[in-house]
Amino acid sequence: MMGDEKVPTVERTANLPNAEYRRFESLREYDAIIDDLIPQTQSIIRVFDRSLSRVWNASRRYEALRQFLLASRLNRLLIVVHDAEPIERECPRVVDLVRQFSAAVRIHETLNLAREVYDPFVVFDANHYLHRFHYRFLRAAQGTNDLVGTQQLLDRYAEIWDASALAVSAGASGL
């Protein structure tokens, strides 16, 4: 090992033989993993974050999400954020996805009950996830084929979704 470089460790979990969990500390890597996992997703992507960063407006991510949504009428992109107001201004491509795929893309904003949740995560289908431990810090984890860890995040997502309301739609509001 040279210098102060940290080698990411991959741990086997107890749920499936090929399940893996690893921690890392790079927002760039977090975003790259999202971009890599979108094309591998078969049916649903669930996103929870404080707000959507501008990287969600990048042409590469937009095209990957568009291809994912075109792959099947049953595919879904569900997003919950604490602050949906900047989405139209900073992520017009995401708003375009809402317009193009109004039955498949939902963007919600949390209600007061869920405003104290600070750990963003993205769940791909029911077996892969990315989880930042706090939106202010770069520490994150990736679970691959980790059904146990994914289920825990799916349960949290369901609670957050229930404590949110539709915030961006393709309806008559002008979006």
Side-chain angles (χ1 to χ4, degrees), residues 13 15-22 29-82 84 86-88 90-110 114 117 119-132 140-175:
T13 62
N15 57 22
L16 288 176
N18 61 342
E20 294 181 352
Y21 174 87
R22 72 179 190 92
E29 185 175 4
Y30 183 86
D31 287 329
I33 293 169
I34 290 173
D35 291 335
D36 290 344
L37 287 173
I38 291 169
Q40 297 176 36
T41 306
Q42 298 296 309
S43 63
I44 188 166
I45 299 170
R46 294 173 182 91
V47 178
F48 168 68
D49 210 329
R50 190 170 134 253
S51 63
L52 287 186
S53 70
R54 289 188 177 152
V55 75
W56 285 92
N57 196 56
S59 59
R60 177 181 179 206
R61 182 159 305 169
Y62 166 79
E63 191 54 38
L65 289 169
R66 190 173 163 281
Q67 290 304 314
F68 163 73
L69 293 164
L70 286 170
S72 170
R73 289 182 175 194
L74 300 176
N75 285 359
R76 297 291 180 259
L77 172 61
L78 306 177
I79 299 171
V80 180
V81 293
H82 286 317
I87 292 174
E88 186 175 5
E90 296 178 9
C91 299
R93 289 183 173 129
V94 174
V95 175
D96 189 49
L97 290 173
V98 173
R99 286 184 189 130
Q100 287 181 50
F101 304 96
S102 60
V105 179
R106 294 281 185 265
I107 300 177
H108 279 208
E109 185 173 69
T110 54
V117 181
D119 56 326
F121 57 90
V122 183
V123 179
F124 303 87
D125 291 328
N127 53 343
H128 305 308
Y129 65 86
L130 285 172
H131 184 199
R132 287 179 55 202
Q142 176 184 10
T144 305
N145 297 312
D146 182 357
L147 301 181
V148 173
T150 302
Q151 188 58 54
Q152 292 171 348
L153 289 175
L154 287 173
D155 292 345
R156 289 193 65 221
Y157 193 87
E159 292 173 0
I160 294 167
W161 186 265
D162 288 345
S164 69
L166 187 63
V168 178
S169 70
S173 67
L175 294 180

Q: Going by the side-chain contact (heavy atoms from CB on, under 4.5 Å) test, name the single residue among Gln152, Arg156, Gln142 that passes it with His131.
A: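 Exactly one candidate clears the test, Arg156.
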Q: Roughly how far, to the nearest 0.5 Å, is the NE2 atom of His128 from the OG1 atom of Thr150?
A: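 Reported to 0.5 Å precision, the distance equals 8.0 Å.
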Q: Could you tell me whether the side chain of Thr110 reaches within less than 4.5 Å of the side chain of Val117, counting heavy atoms only?
A: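 Contact flag for Val117/Thr110 side chains = no.
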Q: Once salt bridge (Lys or Arg N to Asp or Glu O under 4.0 Å) is applied, what residue pairs with a partner in residues 62-71 remain, sequence neighbours excluded?
A: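 Those involving residues 62-71 are Glu63-Arg66.
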Q: Is the shortest side-chain heavy-atom distance between Arg132 and Asp119 below 4.5 Å?
A: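 No - every pair of side-chain heavy atoms lies 4.5 Å or more apart.
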Q: For the CG atom of Leu130 and the CD1 atom of Ile33, what is their distance to the nearest 0.5 Å?
A: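 Interatomic distance, Leu130 CG to Ile33 CD1, rounded to 0.5 Å: 5.0 Å.
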Q: Write down the atom of Phe121, the atom of Val123, and the distance for their closest heavy-atom approach.
A: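 What the structure gives for the nearest pair is CD1-CG2, 3.9 Å.
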Q: For a quick test of your reading: what N or O donor-acceptor pairs under 3.5 Å do the side chains of residues 68-81 make, sequence neighbours left out?
A:
from, atom 1, to, atom 2, distance (Å)
Ser72, OG, Leu74, N, 3.0
Asn75, ND2, Phe68, O, 2.6
Arg76, NH1, Arg73, O, 2.9

Q: Given 3.5 Å as the limit, does a donor-acceptor pair link the side chain of Arg61 with the main chain of Asp31, or not?
A: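 Judged by distance alone, yes, a pair lies under 3.5 Å.
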Q: So which heavy atom on Arg93 is nearest to which on Ala58, and how close?
A: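 Smallest heavy-atom distance, with atoms named: NH1-C, 3.6 Å.
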Q: Looking at Ala163, is its backbone amide N or carbonyl O close enough to the side chain of His108 to form a donor-acceptor pair, meaning the two atoms are under 3.5 Å apart?
A: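 Judged by distance alone, no pair lies under 3.5 Å.
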Q: May I have the step-by-step check of side-chain hydrogen bond (donor to acceptor under 3.5 Å, both in side chains) for Gln40 and Asp36, ending in yes or no?
A: CA-CA 7 Å; Gln40 297 176 36; Asp36 290 344; over 6 Å; no
Q: Is there side-chain contact between Leu154 and Tyr129, with at least one heavy-atom pair below 4.5 Å?
A: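 Side chain of Leu154 against side chain of Tyr129, heavy atoms only: no contact under 4.5 Å found.
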Q: Is the number of heavy atoms from other residues, nucleotides or ligands within 6.0 Å of CD (Gln67) greater than 12?
A: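 For Gln67, atom CD is crowded (more than 12 foreign heavy atoms under 6.0 Å).
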Q: Hey, what do you get for CZ (Phe101) to CG (Asp96), rounding to the nearest 0.5 Å?
A: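 Those atoms lie 8.5 Å apart.
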Q: What pair of heavy atoms forms the shortest contact from Ala140 to Tyr30, and how long is it?
A: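 Heavy atoms of Ala140 and Tyr30 come nearest at CB-CD1, 4.1 Å.
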Q: Quick one: pull up CZ in Arg99 and OG in Ser169 and give me the separation to the nearest 0.5 Å.
A: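 Atom-to-atom, Arg99:CZ and Ser169:OG are 10.5 Å apart.
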Q: For the atom pair OH (Tyr62) and SG (Cys91), what is the distance rounded to the nearest 0.5 Å?
A: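 Atom-to-atom, Tyr62:OH and Cys91:SG are 13.0 Å apart.
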Q: Taking all non-hydrogen atoms of both residues, which atom of Glu90 and which atom of Pro92 are closest, and how far apart?
A: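 What the structure gives for the nearest pair is C-CD, 3.4 Å.
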Q: In a table with atom names and distances, give each donor-acceptor pair under 3.5 Å that connects a side chain of residues 43-51 to protein atoms at least two apart or in another chain.
A:
from, atom 1, to, atom 2, distance (Å)
Ser43, OG, Asp125, OD1, 3.0
Arg46, NH1, Asp125, O, 3.4

Q: Would you give the length of the straight line joining atom CD of Gln151 to atom CG of Asp146, rounded to the nearest 0.5 angstrom?
A: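 Nearest 0.5 Å value for the CD-CG distance: 11.0 Å.
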Q: Could you please spell out the steps behind the side chain to side chain contact (heavy atoms under 4.5 Å, CB included) verdict for Phe124 and Ile38?
A: CA-CA 8 Å; Phe124 303 87; Ile38 291 169; 4.2 Å; yes
Q: Just one of Ile34, Ile87, Leu97 clears the side-chain contact (heavy atoms from CB on, under 4.5 Å) bar with Trp56, so which one?
A: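 For Trp56, the side-chain contact (heavy atoms from CB on, under 4.5 Å) test succeeds with only one of Ile34, Ile87, Leu97, which is Ile34.
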